[in-house]
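Worksheet: the structure to be examined is printed underneath.
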Amino acid sequence: MKVSVIYASTTGNTEAMANAICEAVKAAGAEVVFGTADSADKAAATSSDVILLGSPAMGDEVLEDSMEEFFGAIEASLSGKKVGVFGSYDWGDGQWLRDWEDRVKSVGAVSAAEPLMVHLTPEDADIAKCKEWAAAAVK
Ligand SMILES: Cc1cc2nc3c(=O)[nH]c(=O)nc-3n(C[C@H](O)[C@H](O)[C@H](O)COP(=O)(O)O)c2cc1C
């Protein structure tokens, strides 16, 4: 199984989630395509069996710019794909992630796992949740 873990992160919080997710996906025996939204290979991502995408809440409950660009470019190719979204936030209530999940579903993708959000920097318990989330998403 091939799994893409592609993320954007401005201060390292979503990156820490992505690292834990990548580790768990590898531990599950999958081949991982890992990278940032500004440099990721779009074809490699859309040819994956499962696509796990991370972005912090930015602006006013929107995706970070490079992920908005990356996701916008692959959005039309996600029909029937298993997709999961995750990210870090601060003062909001997760609207950016709910909106993202709605976009994923509206293009006909299948939810690989419920959206996963972590408040600011992931603590040990959050890292454990990221690993559990990833393991469930690639089952
Ligand atoms: C310009 C800017 C806009 C932000 N907008 C939101 C927001 O709309 N909602 C929210 O909950 N947090 C918002 N945040 C907080 C970030 O999502 C939070 O700091 C997050 O941990 C950053 O993750 P990262 O290190 O992966 O970039 C914003 C932060 C910045 C700097």
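All heavy atoms count here, side chains included; hydrogens, waters and symmetry mates do not. In this text, all values refer to a predicted model and were calculated from it rather than measured experimentally. Start at 1 and go down the list; that is how both ligands and their atoms are numbered.
Residues Tyr7 and Phe34 bring their aromatic ring centres within 6.0 Å.
Closest to atom 25 (O) of ligand 1 among all protein heavy atoms lies Thr11 OG1, 2.4 Å. The protein heavy-atom contact nearest to atom 28 (C) of ligand 1 is Trp91 CH2, 3.2 Å. Scanning all protein heavy atoms for the shortest distance to atom 2 (C) of ligand 1 gives Met58 SD, 3.7 Å. Looking from atom 21 (O) of ligand 1 to the surrounding protein, the closest heavy atom is Ser88 OG, 2.6 Å. Asp90 N, 3.2 Å is the protein heavy atom nearest to atom 12 (N) of ligand 1.
Side chain to side chain, Ser4 and Ser48 meet the donor-acceptor criterion of an N or O pair below 3.5 Å. Side-chain polar atoms of Ser66 and Glu64 form a donor-acceptor pair below 3.5 angstrom. A donor-acceptor contact under 3.5 angstrom links the side chains of Glu101 and Ser111, judged on distance only.
Although no hydrogens or angles enter the test, the distance criterion places a donor-acceptor pair under 3.5 Å between the side chain of Asp49 and the main chain of Lys2. Judged by distance alone, the side chain of Asp126 and the main-chain N or O of Glu123 form a donor-acceptor pair under 3.5 Å. In terms of modelled atom types and a separation under 3.5 Å, the side chain of Ser39 and the main chain of Gly35 share no donor-acceptor contact. Between the side chain of Lys131 and the main chain of Cys22, no donor-acceptor pair closer than 3.5 Å is present.
Here atom 17 (O) of ligand 1 lies nearest to Ala57 when heavy atoms of Ala57, Pro56, Ala18, Gly59 are compared. Looking at Glu61, Glu15, Gln95, it is Glu61 that brings a heavy atom closest to atom 7 (C) of ligand 1.
More than 12 heavy-atom neighbours from other residues, nucleotides or ligands sit within 6.0 angstrom of CD on Gln95.
Heavy-atom contacts of Thr10 reach the following atoms of ligand 1: 24 (P), 25 (O), 26 (O), 27 (O) (cutoff under 4.0 Å). For ligand 1, the atoms closer than 4.0 angstrom to any heavy atom of Leu120 are 18 (C), 19 (O), 21 (O). Within ligand 1, counting atoms from 1 as listed, the ones closer than 4.0 Å to a heavy atom of Ser9 are 24 (P), 25 (O), 26 (O), 27 (O).
Taking any N or O of Gly92, backbone or side chain, at least one lies under 3.5 Å from an N or O belonging to ligand 1. For ligand 1, the polar-atom distance check finds no N/O of Asp60 at less than 3.5 Å from any of the ligand's N/O atoms. Considering backbone and side-chain N/O atoms, Gly12 comes within less than 3.5 Å of an N/O atom of ligand 1.
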